[in-house]
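Here's the structure we're looking at; comments come further down.
No hydrogens, no waters, no symmetry mates; every other heavy atom, side chains included, goes into these values. Here is the naming used below: chain letters follow the sequence lines, and residue numbers restart at 1 for every chain.
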Amino acid sequence: METTTTTQPPIGTIAKIGQHDGQTVIIRGWLYNLRESGKLLFPIFRDGTGVIQGVVPKSQVTPETFETIKNLTLESSVVVTGKVRADKRAPGGYELDVSDVRVVEKVPVDDPFPISLKEHGPDFLMEHRHLWVRTPRQTAILRIRHEIIRAARNFFDERGFVLTDPPILTPAACEGTSTLFPVNYFEEQAYLTQSGQLYIEATAMALGKVYSFGPTFRAEKSKTRRHLTEFWMVEPEVAYAQLDDIMELAENFISHIVQSVVANRRDDLKAVDRDVTKLENIKAPFPRITYDEAVKRLQEGHQKGQLETRFEWGGDLGSPDETYLSSQFDRPVMVHRYPAKVKAFYMEPDPGNPELALCVDVLAPEGYGEIIGGSQRIGDYDLLLQRIREHGLPEEAFKWYLDLRKYGGVPHAGFGMGIERAVAWICGLEHVRETIPFARTLTRIYP
RNA sequence: UCCUCAGUAGCUCAAUGGCAGAGCAUCCGGCUGUUAACCGGAGGGUUGUAGGUUCGAGUCCUACCUGAGGAGCCA
């Protein structure tokens, strides 16, 4: 038997195709588009890292290769051999002079790829999300999401935080609301978690500085561009930290994430038409206003006719209120010390005014609303027990949580950031459904 | 749960109560530098569902279904 000694060209990726300028490489990917002009074909290939146009003059390839490419259907998988050539006309700077194509799997002619290059409506796109994710804008968003998560973990890892994963199946409501997904747990009632916070308070008492990163679930019947029923949160929790400490942590955290995306995913930001200069501004420190001052600003807004209803002290900020407040700043604004009444049961009262809670919401600019909520947690056993009773929570379910105060409780604080809202803001997206590979919303659990 | 809007070809959308249409996609043909290529041609329809008004309903009325984004609630 004869052995072939022909050396194979190297396998290249489109994102780093410039390294192979002038060389013959193999690209393994899919046909993104095909334009033709008589005896000249322009197949556009994608490989997950980018897109490159191939050039196929009929005179330069075998008739079989020419016919194969000419008859290719969009999104057919192909292994392409070609010579990389720098070209000023190419959007990416390089073109591929194709010499050979091997078709791995051809998309059927009578059942073409449903996502065309033209516009589609949101319902159609979501129904085909498994295919929609292949398109350039969606891959750019998913790479930015990855960078945000990478930067977030990197931020905590470098500061000595330990990743501790809280459970996803929980015996009771974390925050005592009725927005949980019930699960049958061996004939016992259980729920999908709505926050890992209570559990990382426990690991913070073990390890000092901890964080969690995982999915959370809300059965809330919200259908807006800001809501998913399943979303990811990153939550740090720090023993001996007070409100001011985590406010500083939060602003440095957000700065780090945004600047990482600006530095490492500039092309992807361009692909989603993001105004990068707005992101370059996002550097700590961030403006801080008290709830009291926020109320004052909202009432002024109403007087000027920019807000429909007059905001009264004591309520929680609504979505239009957040948009109005954040529009007054060019970076995220931190609103702190809300009335304890409108916040969760576990928040430490402000010693200066026990009606207020030592908490902070970080509102993203450009109307993206709350991306971080955080607080100092109650340290005193008796006060915590009192709050649990006031909120009508099942005391037995919180026995372990109370133990954290009984056995060496300390002041501690933390916050949670919703990944999808951060991605939506950083990418400048209309809707959070594009920020996660497979969004779960009130009306959709397929695909 | 409430409010508002929408549903017509595979997709995006037109159509004064009077013949069901266009662009894109698909197929056939043309073009050696195209950039969501372009030019010519072809096929493609139970107008969301059920009822009602009318000589006649995609269009008007009622109910329902589905979706959208806003409120509330939240990240």
Side-chain angles (χ1 to χ4, degrees), chain A residues 32-44 51-60 66 71 73-75 85 87-92 95 97 107-128 132 135-137 174-175 177-180 194-197 215-235 308-309 315-323 342-344 361-364 368-374 415-425 430-433 435-436 441-444:
Chain A
Y32 173 65
N33 195 11
L34 176 64
R35 290 186 280 258
E36 57 171 302
S37 177
K39 297 178 178 63
L40 190 55
L41 305 178
F42 297 102
I44 300 177
V51 162
I52 191 169
Q53 173 166 282
V55 184
V56 189
K58 194 168 190 177
S59 56
Q60 301 294 309
F66 190 83
N71 292 324
T73 40
L74 299 196
E75 286 301 316
R85 175 174 43 76
D87 193 306
K88 286 211 174 73
R89 290 168 292 191
E95 289 187 336
D97 289 324
V107 172
V109 168
D110 56 357
D111 195 3
F113 191 70
I115 316 267
S116 73
L117 275 51
K118 279 273 186 177
E119 280 179 49
H120 297 282
D123 188 48
F124 178 83
L125 290 171
M126 288 306 285
E127 194 69 15
H128 297 85
W132 186 26
T135 59
R137 182 181 163 84
C174 284
E175 305 185 4
T177 60
S178 58
T179 61
L180 297 151
Q194 66 175 184
S195 164
Q197 183 206 309
T216 50
F217 306 86
R218 305 275 166 98
E220 196 61 57
K221 297 204 171 172
S222 314
K223 19 190 258 180
T224 80
R225 64 181 75 181
R226 300 180 307 280
H227 287 89
L228 299 171
T229 53
E230 176 183 315
F231 64 96
W232 288 66
M233 274 217 287
V234 55
E235 299 176 279
E308 251 180 68
T309 50
D316 203 356
L317 267 49
S319 187
D321 305 319
E322 291 181 353
T323 302
V342 301
K343 287 292 178 182
D361 282 359
V362 183
L363 311 182
Y368 282 92
E370 183 184 346
I371 51 169
I372 278 183
F415 63 80
M417 184 183 80
I419 295 292
E420 287 74 20
R421 283 195 185 168
V423 176
W425 163 49
E430 279 290 308
H431 202 298
V432 289
R433 69 185 154 219
T435 64
I436 184 167
T441 66
L442 184 58
T443 56
R444 177 168 296 283

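Taking the C1' atoms as reference points, B:C2 lies 9 Å from B:G72, given to the whole Å. Comparing B:A20 with B:C65, their P atoms sit 31 Å apart, to the nearest whole Å. Look at the P atom in both B:G43 and B:A6: the space between them is 34 Å, to the nearest Å. Taking atom C1' in both B:C27 and B:A9, the straight-line distance is 16 Å, to the nearest Å. When the P atom is compared between B:G44 and B:C31, the two are found 28 Å apart, to the nearest whole Å. For the C1' atoms, the distance from B:G45 to B:G69 is 30 Å, rounded to whole Å. On the C1' atoms, B:C55 is 44 Å away from B:G70, given to the nearest whole Å. Spacing of C1' atoms, B:U66 relative to B:C60, comes out at 22 Å, to the nearest Å.
Between the base of B:C11 and the side chain of A:H120 there is no donor-acceptor pair shorter than 3.5 Å.
As rounded to whole Å, 12 Å separates atom C1' of B:C3 from atom CD of A:E308. Computed from coordinates, the A:H227 NE2 to B:G72 P distance equals 10 Å when rounded to whole Å. Remark: C1' of B:G10 and CG of A:D111 are 10 Å apart, rounded to the nearest angstrom. Rounded to an integer number of Å, the gap from A:E119 CD to B:G10 C1' is 17 Å. Taking atom CE on A:M233 and atom C1' on B:C74, their separation rounds to 10 Å, with Å as the unit. Spacing between atom CG of A:L125 and atom C1' of B:U12 amounts to 11 Å, rounded to whole angstrom units. Atom CZ of A:R226 and atom P of B:G69 are 11 Å apart (whole Å). For the pair A:W132 CH2 and B:C11 C1', the interatomic distance rounds to 14 Å; values are reported in whole Å.
Where A:H431 and A:E220 meet RNA chain B, the nucleotide closest to each residue was compared, and A:H431 sits on the side nearer the 5' end. Judged by closest nucleotide on RNA chain B, A:F124 is the one of A:L34 and A:F124 placed further toward the 5' end.
For the pair A:M233/A:Q197, no side-chain contact is recorded, criterion being any heavy-atom separation below 4.5 Å from C-beta on.
Residues that satisfy the side chain to side chain donor-acceptor pair (under 3.5 Å) test with A:R225, not counting sequence neighbours, are A:E430. With sequence neighbours excluded, the residues satisfying side chain to side chain contact (heavy atoms under 4.5 Å, CB included) with A:E36 are A:L41, A:K70. A search for side chain to side chain contact (heavy atoms under 4.5 Å, CB included) contacts involving A:N71 returns A:E67, A:K106, not counting sequence neighbours. In this view, A:E230 satisfies the side chain to side chain donor-acceptor pair (under 3.5 Å) rule with no residue, not counting sequence neighbours. Taking A:K58 as the reference, A:K39, A:F66 meet the side chain to side chain contact (heavy atoms under 4.5 Å, CB included) condition, with sequence neighbours excluded. In this view, A:W232 and A:F213 satisfy the ring pair (Phe, Tyr, Trp, His ring centres under 6.0 Å) rule, not counting sequence neighbours.
Taking every side-chain heavy atom of A:T224 into account, B:G69 is the closest of B:G69, B:U1, B:C74. Comparing B:G72, B:A36, B:A75 by their nearest atom to the side chain of A:N33 picks out B:A36. Side-chain proximity of A:R225 to B:C74, B:G69, B:C73: nearest is B:G69.
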Scan the side chains in residues 109-118 of chain A for donor-acceptor partners under 3.5 Å anywhere in the protein, sequence neighbours excluded, and list what turns up.
from: A:S116; atom 1: OG; to: A:K118; atom 2: N; distance (Å): 3.2
from: A:S116; atom 1: OG; to: A:H120; atom 2: NE2; distance (Å): 3.3

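Remark: side-chain polar atoms of A:E75 are not paired, donor with acceptor, to backbone N or O of A:V107 under 3.5 angstrom. Listed for the A:T435 side chain is no donor-acceptor partner under 3.5 Å among the backbone atoms of A:H431. With A:R421 contributing its side chain and A:R226 its backbone, the two residues share a donor-acceptor pair below 3.5 Å.
At B:A71, one or more side-chain N or O atoms of A:S319 fall inside 4.0 Å of OP1 or OP2 (strictly under the cut-off).
Within the nucleic acid shown, A:R444 has no heavy atom closer than 4.0 Å to any nucleic acid atom. At the heavy-atom level, A:D316 lies under 4.0 Å from the strands shown only through sugar-phosphate atoms. Residue A:G121 is classed as a sugar-phosphate contact, given heavy-atom separations below 4.0 Å to backbone atoms only.
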Please, what dot-bracket string fits RNA chain B when only Watson-Crick and G-U pairs with both distances under 3.5 Å count, crossing ones use [ ] and pairs to another strand use |? (((((((..((((....[..)))).(((((.......))))).....(((((..]....))))))))))))....
Contact string for nucleotides 24-33 of chain B, one letter per nucleotide 5' to 3', B = base within protein heavy-atom range under 4.0 Å, S = sugar-phosphate only, - = neither, reads S-SS---BBB
